[in-house]
Amino acid sequence: VQTCALPILTYAARRYAKAGYLTATIDYSLIAKGSPVTVYQMLDDIGHAMTALKAKTGELGFSVDKLALSGYSAGGHLAMLYGYSRAQESPIPIVLVSAQVGFTDFHPDTWSGKDGDFGLVTLLTGKQITAATIANGETEKLVQSISPLSFVTERTVPSIVAFGRKDWLVRPRHYEKLVAAFKARGVEHTAIEFANSGHGLDADPASRDRFRQVSLEYLRRAFGY
């Protein structure tokens, strides 16, 4: 029996379970001041969680051989980053990525527009950015290693992305760059704009309904039901 799993938020897990899909939520280590946790460990956590998910569903009698990965905000960033950069090593083959207001790129122009603004890069990678690391190219490698945008290729799985036009945290520039990369490489995708919303995506009910509808359409194509 061909089945699927969707690691997503609890409220969304209930919604898609009602539509007939196996669903699960994934936890991961958090970065805190003085903590050694990095985004790379978070990606490892996702892989370990998938391994556990596959084992548990097997115990329950389900053969899970496909997976859709989804997330919101920081979770959206991780869903894209794992789905685009680690798809080949995923314990369960990933066939769809869905992200709402997730970070796509960590170059300064995408964030504040201020040259040399690499605070988040240091936070996520644990590597201090200096004039020397900028000059020798190390900083650029770090930026690319944590930016989903950098891993978009012709083989990237179909993706659904949602963003708020008035989002002050994850500015629309994140999605303008990502959609341009999708189009340039022929990646199947749907980008849904919440024209009146900020980071909470709470001011556009029509866009919210469209996101749900599009998600179900993609799931039916990916899993056959």
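Since this is a predicted model, take the numbers as computed values, not measurements. Atoms considered below: every heavy atom in the structure, side chains included; atoms not considered: hydrogens, waters and symmetry mates.
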Is the backbone of [Y] close enough, under 3.5 Å, to the side chain of [X] for a donor and an acceptor to pair up by distance?
X      : Y      : value
Ser145 : Leu142 : yes
Thr110 : His174 : no
Arg210 : Ile192 : no
Tyr40  : Ile146 : no
Ser90  : Arg86  : no
Thr130 : Ala132 : yes
Asp204 : Ala206 : no
Ser159 : Val157 : yes
Thr139 : Thr133 : yes
Ser197 : Ala203 : yes

Do [X] and [Y] make a side-chain contact, defined as non-hydrogen atoms from C-beta onward lying under 4.5 Å apart?
X      : Y      : result
Met42  : Tyr82  : no
Val161 : Thr104 : no
Leu78  : Val39  : yes
Phe163 : Leu178 : no
Val152 : His189 : no

[Y]/[X] salt bridge by N-O under 4.0 Å criterion:
X      : Y      : value
Glu59  : Lys56  : yes
Arg171 : Asp105 : no
Lys183 : Glu176 : no

Whether Tyr225 and Phe223 hold their rings parallel, tilted or perpendicular, with breakpoints at 30° and 60°: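 The rings of Tyr225 and Phe223 sit tilted, inter-plane angle from 30° to 60°.
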Parallel, tilted or perpendicular: ring planes of His77 versus Phe103, cut at 30 and 60 degrees: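 Ring orientation of His77 relative to Phe103: tilted.
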Test item: side-chain donor near acceptor, His199 and Ser73, under 3.5 Å: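 Indeed, the side chains of His199 and Ser73 share at least one donor-acceptor pair under 3.5 Å.
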Cation-pi geometry met for Arg221 and Tyr218 (6.0 Å, 45°):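 Yes, Arg221 sits over the ring of Tyr218.
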Closest heavy-atom pair and its distance - Tyr21, Arg220: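 Closest pair (atom of Tyr21, atom of Arg220, distance): OH-N, 3.7 Å.
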Nearest heavy-atom neighbours spanning Phe106 and Ser147: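 Heavy atoms only, the tightest pair is N-OG, 3.0 Å.
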Worked verdict on Arg155 versus Arg185 for side-chain contact (heavy atoms from CB on, under 4.5 Å): CA-CA 9 Å; Arg155 299 177 63 185; Arg185 293 162 180 80; over 6 Å; no
Spacing of Ile26 atom CD1 and His48 atom NE2 [to the nearest 0.5 Å]: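 The NE2 atom of His48 is 12.0 Å from CD1 of Ile26, to the nearest 0.5 Å.
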Approximate separation, where rounding is to 0.5 Å, of Thr156 OG1 and Phe151 CZ: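 Reported value, rounded in 0.5 Å steps: 10.5 Å.
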Connected via hydrophobic side-chain network under 4.5 Å: Val170 and Val179: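 Different clusters: Val170 never reaches Val179 through Ile, Leu, Val, Met, Phe, Trp or Tyr contacts under 4.5 Å.
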Chi angles and distances behind the side-chain contact (heavy atoms from CB on, under 4.5 Å) call for Leu96, Glu188: CA-CA 10 Å; Leu96 173 65; Glu188 181 183 359; over 6 Å; no
Heavy atoms of other groups near Lys127 NZ, more than 12 under 6.0 Å: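 Check fails, neighbour count at 12 or below.
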